[in-house]
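Here is the structure we will look at.
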Amino acid sequence: MSNSVKYIFVTGGVTSSLGKGIIAASLAKLVQARGYSVTIQKLDPYINIDPGTLNPYEHGECYVTDDGAETDLDLGHYERFLNVPTSQANNITTGRIYQSVIDKERKGDFLGKTVQVIPHITDEIKQRIQLLSNNNKYDIVITEIGGTVGDIESLPYIEAVRQMMWEYESDCLVIHLTLIPYLSAAGELKTKPTQHSVKALLELGVQPDILCCRSEHELELNLRRKIAKFCNVSMNAVIEARDASSIYDVPMLMQAEELDSVVLEKLGLSKKSTPKLKKWKSFLERLKNPKTEVDIALIGKYVELKDSYKSISEAFIHAGVSNESKVNLHWIHSDNLDKENVENQLSEMNGILVAPGFGSRGVAGKIDAVQFAREKNIPFLGICLGMQCAVIEFARNVLHLEDANTTEIANKTKAPVIDMMEAQKNISDYGGTMRLGAYSCQLKPNSNIGKAFHSDVISERHRHRYEFNNEYLKDFEAAGMISTGTNPETGLVEVVEIPKHPWFVGVQFHPEYKSTVDEPHPLFVAFVGAALKNKTK
Ligand code: GLN
């Protein structure tokens, strides 16, 4: 059967954390730069319906799409590389697959048949992959299979790939990412784990077409020849994937290895022009040659696992490049901050960011950090819980509402300056009360945020339950903290600022999710700019 859409599957072997997401995104970037429209999808083999309820320590950041899906952080890489939004359909978990099959079974859709992993679960997986090829929106759909080949939980996915390879023949391609470890005792790179991992795939009926080999050293010709011979792939399909100093180098490294050419050839697609990567290359050029540097504190409670704030740290890389500056991020644990040590920990900082979060742990330290930034005139950006902490701090220390709090932490507080909307209070399903995805926001033109954007109505992504309590707005504004962005439909406060302060902005939404290489987020760009100004002062 021939199909106009081409499917590329990316599997992983030998070990986890090889960076399948970055390889998939880099390949996508290269074919996009040749003029193909492409999307990337991640299939996650765990039973959670989505990563929304997962602790960041388990799985890093939960990334949110415009349509309100709580997804794997790899989708953030896809968007940052491609500058094209992803959606609900781009991230599927085993939990969601089973849920949908079981729902169908309960409705009687299977007409009394025994419901089984093959064909029912595999059919559902295939359907979710094919869903992205509907409407002919994309020429190429890249599907990254989470986990490592050989895991019990990824078996149905590999089986779905095997079936699709039969059904679509030359319209499908499998790229297997493996590791070629260097044994220092032997002084050699070793191919055996790769051979075994390809064998594991073969046992499941899947012959990979291309091997991407992660390695700390160069793969010499004889080694490539050996891998090709033992793994039944052509020599030019053994791609070296060397460790890179920045993830943004990987598309260039993959281009040097001709990954995109090999892929297009094997799929029978024309190479069109050479990839148009002028913007990307100029980004890399500026990334590697900053004219200055700036120190910014990132205050959060998951700082031991940097993946928990992936989109924020990447947004700083983009914004740094826009400002021709390196951003030195100082990861500061909010649990370890208090009134006594805050000066010691933050006085050298040119800017302070207080991160999003849930629950009470670390909030006291975050509030101390806000107070320090406000009183010492250090540029401040508060995101979601960070904005809420700024509101609480202002209420306590400027409005003298000593008991001020968010009802997330203290539901009996006398001054609920951050509270849940009435309409949400009666929803019992934990996930159901969350405000998720894109909402529009009307900006005040002469504010810091208004100056950062070219337009006065913006759309930004959300992931939170609690809101600024408008009953207090008048008091706040009279005392010097004003609302500079509101939701035009509901009147909810989205942005707060202190006009007397050099640069103090709190946002209820998550600007970090929309920052890309091609379009660094204006608010991060403005914040880094303010921090630089503060540095030279
Ligand atoms: N916990 C806060 C709320 O639910 C903030 C959430 C966040 O920072 N993403 O409103």
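All ligand and atom numbering here is 1-based and tracks the order in the structure. We count residues from 1, following the sequence as given. Bear in mind the structure is a predicted one, so any value in this text is a computation, not a measurement.
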Task: Electrostatic pair Lys366-Asp368, nearest N-O below 4.0 angstrom - done: no
Open item on the list: I need the atoms of ligand 1 closer than 4.0 Å to a non-hydrogen atom of His510, numbered in the order shown.
Closed with: 9 (N)
- [ ] Note the single closest protein heavy atom to atom 10 (O) of ligand 1, along with its residue, its atom name and the distance in Å.
- [x] Tyr466 N, 2.8 Å
Task: Taking atom 9 (N) of ligand 1 as the reference point, the nearest protein heavy atom with its distance - done: Arg463 O, 2.9 Å
TODO: Taking the six-membered ring of Trp331 (Phe, Tyr or Trp), confirm whether the NZ or CZ of Lys306 is under 6.0 Å from its centre and within 45° of its axis.
DONE: yes
TODO: Do me a favour and list the nearest non-hydrogen protein atom to atom 7 (C) of ligand 1 with residue, atom name and distance?
DONE: Cys384 SG, 3.0 Å
Task: Any N or O of Ile383 closer than 3.5 Å to N or O of ligand 1 - done: no
Open item on the list: Is the ring pair Tyr46/His59 parallel, tilted or perpendicular, if the boundaries are 30 and 60 degrees?
Closed with: perpendicular
- [ ] Could you check Phe81 against Tyr248 for ring pair (Phe, Tyr, Trp, His ring centres under 6.0 Å), going step by step and ending with a plain yes or no?
- [x] CA-CA 8 Å; Phe81 275 55; Tyr248 300 111; 5.5 Å; yes
Task: Partner of Ser311 by side chain to side chain donor-acceptor pair (under 3.5 Å), out of Arg80, Glu79, His77, His510 - done: Arg80
- [ ] Tell me, please, whether Tyr439 has Arg435 positioned over its six-membered ring: NZ or CZ under 6.0 Å from the ring centre and within 45 degrees of its axis?
- [x] yes
Task: Aromatic plane relationship, Tyr63 with Tyr513 - under 30° parallel, 30 to 60° tilted, over 60° perpendicular - done: perpendicular
Open item on the list: For the 3.5 Å polar cut-off, considering only N or O atoms, please tell me whether Gly357 and ligand 1 meet it.
Closed with: yes
TODO: Identify, by atom number and element, the atoms of ligand 1 in contact range of His464, meaning under 4.0 Å from any of its heavy atoms.
DONE: 3 (C), 4 (O), 6 (C), 10 (O)
Task: Those atoms of ligand 1 less than 4.0 Å from some heavy atom in Arg465 - done: 3 (C), 4 (O), 10 (O)
Open item on the list: Please list the nearest protein heavy atom to atom 2 (C) of ligand 1 with its residue and the distance rounded to 0.1 Å.
Closed with: Glu408 OE1, 3.2 Å
Open item on the list: Under 4.0 Å, counting heavy atoms only: does Gln388 come that close to any atom of ligand 1?
Closed with: yes
